[in-house]
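Values below: every heavy atom of this structure, side chains too, minus hydrogens, waters and symmetry copies. Numbers restart at 1 for each chain; the letters A, B, ... are given by sequence-line order, proteins then strands.
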Amino acid sequence: MNLTLRIWRQSDPTDKGRMVTYPVDDVSPDMSFLEMLDVLNERLILAGEEPVAFDHDCREGICGACGMMINGNAHGPQRGTTACQLHMRQFSDGETIDIEPWRARAFPVIKDLVVNRGAFDKIVAAGGYITAPTGSAPEAHSTPVAKANADAAFESAACIGCGACVAACPNGSGMLFTAAKVTQLSLLPQGQPERYTRVIGMVDAHDEAGFGGCTNAGECTVVCPKGIPLNTIGRLNGDYLKATAKRGDTPGT
Amino acid sequence: MHRLAQVSVEIIDQCVAQGVPFAREYGGLLDTRSFGGAQVQRTFYARGQTGQQLLLGAYQALERQIGLGNVEMNSRHEMLELVIVDGKARGIVVRDLVTGEISTEMADAVVLASGGYGNVFYLSTNAKGCNVTATWRAHRKGAYFANPCYTQIHPTCIPVSGDHQSKLTLMSESLRNDGRVWVPKAEGDDRSPKDIPEDERDYYLERIYPSFGNLVPRDIASRAAKAVCDQGRGVGPTKLGVYLDFADAINRLGRQAIEAKYGNLFEMYERITGEDPYEVPMRIYPAVHYTMGGLWVDYDLQSTIPGLFVIGEANFSDHGANRLGASALMQGLADGYFVLPSTLANYLASGPLEKVDASHPEAVAARADVEDRIGRLLAVNGDRTVDSFHRELGQIMWEHCGMERSEAGLRKAIDEIRALRDQFWQRVRVSGDGEGLNQSLEKAGRVADFFELAELMCIDALHREESCGGHFRAEHQTPDGEAQRDDERFAYVAAWEYTGTGEPSVLHKEDLKFEYVHPSQRSYK
């Protein structure tokens, strides 16, 4: 396959950035999208040009590092697939492909396709955990968990923090990411003691980090490579409402 | 091992308390399943992503400490040198991967948790960022490197599809619980799998190892796959693959049950190969997955450099020559949650240590070494990319220091590695400069260290004239092709001391004493 790539090039955070066109020939349909970029980069290096910077690590769809906009879609055209798992057989010979970084205020561009997703860490640090000091855990079997709840918690825990939800959202909101963690932990008995402080802490950190508000556009769940359902946001809103009511009930805490 | 067995129970309690969503039975208790090398169901799991979920649990606990202000996180930083003052590890030199700034961090002790070195083979199931640099830099500063040749080749990975291949994807070993491994009985049988009748299929693991069947340990399953492919019975376009067939399990348990257990893995397979494993048997082939070797540590997880502690895959402990399923997670979590907090505190209590800062001559020298090295990598400005060298190094290692090793092959590999390393320093082209984000510079430094490690791996494999676990020497096998141990001569840990560039490494032996269970020829038949 022969392709034309139009790639966002930006040398550093202060650079204005621009789309640059590169032809790439002899692309095999069995290549992954990132392997196709590897081929381009090898050629650029030998031609004395700067290779395209992009984040990647596991290349098997579980680390969340490799996000990019491909033809305007987060992670590209295939549903439920990260960019590293996307293979070139999804494209056709002669196609022009636009490749851009995540565009969101909370994810500033570092270089080319690399963005800083550190804002997600801040949301987790503000409550996306269960306080369980090491060595103090009770015997795991002392608290049974209904299978249905364990399975539903697992579904939300599958989030890899890639940021596609933010990139796809017209508001640049990180609500699906936040809701996935809130949902996982609030479905488990171990997560109950901190359930309401958690949701307030995480939503506050989310807003402070520069993410936009959620208006239930639903774009996030469509592009989510792990299929995190939109109803997690409903659950988050329910918990948030109860949490603010509780906070109102007990002034001073 | 005794301690690991003791604390491993607490690991599950700890992770459940953190909210790791382990699989549950209908009664609400934790579910277990069987895994390679075990004949009973005793492994806790979270669908096909147990490791990922345990990692997220630890990540959340770490973020909590960051939020509380107890930990400062420097992401996108890479350790490039160890600082030793008065014989003790007292700091590291790091490069900020975003700004390119080199800085020195001083401390009372240093803990390395930098993982294994499987990427020396270029193609492996490791994440692309995994590298040996942190441990190799410590090795060059005096920490012994133990059993470097012990590498684990995992039997259930998606086969290589072409030269562009950048990494290999592991299909969780749990698949072997329900999948049956087979190849055609006849050589060069090109028929599609569904056209090959039952009596023309060779379920070779079930045939050769009737009691363990498809659940034999990883090294045996891997070598058996290589053997049938060497006989010309491999499947798929490259003929380097065997079938992992779920048809029986789907008939027996129903498609839904298989989906619930392995849905995400099946999906991952389809993304990569374009084939639907519910309809067509999966194709799998072995790939490098884990490295049992690593920096030598004592019972306190301290290396031969006082104050340098090494945990998880980065050290050599616990797994001997062959790791069994699920035990890397067990070791990593045991080391980090339960062992290190006690032993590190004990070391610190032996202080106080002399106050040092980044202006100490040793720290200044370490930093100068790092800057010099980066300068040299950028100055070559040759005509070959870093990846092209890495790929070639990986081929040498896979060919001669992979699933089967021989004296002649290893000697050849050592010569080839040395020649290629010389070429690297004359012909590599690293684009850009030391300022800012430069991914080809990062890779170049890591590949330079892989070259040195690769040579030591071959030297270690050459000196160990026996077969054991993941180390299989062609000259040392039983009449039916199984690993032939030599405990008279080799019942020891081989810990290598670095003595300088171009100088031969010095071998130190730590004898293995078996008080309760004595090593014997394994039999999985």
N-O pairing of A:Lys111 and A:Asp12 below 4.0 Å
no
Any side-chain heavy atom of A:Pro77 sitting closer than 4.5 Å to one from A:Phe91?
yes
Are B:Phe389 and B:Tyr122 close enough that their ring centers fall under 6.0 Å?
no
Look at A:Ile110, A:Asn149, A:Thr131, A:Asp151 and state which one has the largest set of heavy-atom pairs under 4.5 Å with chain B.
A:Thr131
Ranked by heavy-atom pairs below 4.5 Å to chain A, first place among B:Arg64, B:Arg384, B:Met73 goes to B:Arg64
At under 4.5 Å between heavy atoms, what parts of residues 33-44 of chain A are in contact with chain B? List them by residue number.
A:Glu35, A:Asp38, A:Glu42
Using a 4.5 angstrom heavy-atom cutoff, name the option from B:Arg429, B:Glu10, B:His164 with the most pairs to chain A.
B:His164
When the ring centroid of B:Tyr262 is compared with that of B:Tyr269, is the distance short of 6.0 Å?
no
Heavy-atom distances under 4.5 Å only: say whether B:Leu56 touches chain A with side chain, backbone, both or neither.
side chain
Let's test your reading of the structure: which of A:Thr143, A:Leu188, A:Val145 forms the most heavy-atom pairs below 4.5 Å with chain B?
A:Val145
Residue B:Tyr59 versus chain A: region with a heavy atom under 4.5 Å
side chain
Tell me which of these, A:His56, A:Arg89, A:Glu50, A:Glu49, has more heavy-atom pairs under 4.5 Å with chain B than the rest.
A:Arg89
Is there a donor in the side chain of A:Thr232 and an acceptor in the side chain of A:Ser156, or the other way round, less than 3.5 Å apart?
no
Inter-residue atom distance B:Thr169.OG1 - A:Glu60.CD, 0.5 Å rounding:
5.0 Å
Identify the two heavy atoms, one from B:Ile11 and one from B:Ala334, that lie closest to each other, and give their separation to 0.1 Å.
CD1-N, 3.7 Å
For the interface with chain B, which of A:Ala146, A:Gly161, A:Gly80 has the highest count of heavy-atom pairs at distances below 4.5 Å?
A:Gly80
Which atoms of B:Arg47 are under 4.5 Å from chain A, going by heavy atoms: the side chain, the backbone, both sets, or neither?
both
What part of A:Lys181 is in contact with chain B, defined as an atom under 4.5 angstrom from a non-hydrogen atom: side chain, backbone, both or neither?
side chain
Beyond-backbone contact of B:Arg271 with A:Thr82, side-chain heavy atoms, under 4.5 angstrom
no
Among A:Pro144, A:Cys159, A:Ala137, A:Ala140, single out the residue with the greatest number of heavy-atom pairs under 4.5 Å to chain B.
A:Ala140
Would you say CG of B:Asp163 has more than 12 non-hydrogen atoms from neighbouring residues, nucleotides or ligands within 6.0 angstrom?
no
Give the ring-plane orientation class for B:His289 versus B:His154, where under 30° counts as parallel, over 60° as perpendicular and anything between as tilted.
perpendicular
Greater than 12 external heavy atoms within 6.0 Å of A:Arg79's CZ
no
Tell me, side chain or backbone of B:Leu62 under 4.5 Å from chain A's heavy atoms, or both, or neither?
neither
Residue part contacting chain A, namely of B:Glu267, when any heavy atom lies under 4.5 Å:
side chain
For B:Gln14, which atoms come within 4.5 Å of any heavy atom of chain A: side chain, backbone, both, or neither?
both
If the plane angle is over 60° it's perpendicular, under 30° parallel, otherwise tilted; pick one for A:Trp102 and A:His75.
perpendicular
A:Leu185 versus chain B, heavy atoms under 4.5 Å apart: side chain, backbone, both or neither?
side chain
Assess whether a salt bridge exists between B:Arg427 and B:Asp383, defined as any Lys/Arg side-chain N lying under 4.0 Å from an Asp/Glu carboxylate O.
yes
Residue A:Gln184 versus chain B: region with a heavy atom under 4.5 Å:
side chain
Quick check on B:Ser166 against chain A: is it the side chain, the backbone, both or neither that has a heavy atom closer than 4.5 Å?
both
Between B:Asp31 and B:Arg24 (salt bridge meaning N to carboxylate O under 4.0 Å), is one present in this structure?
no
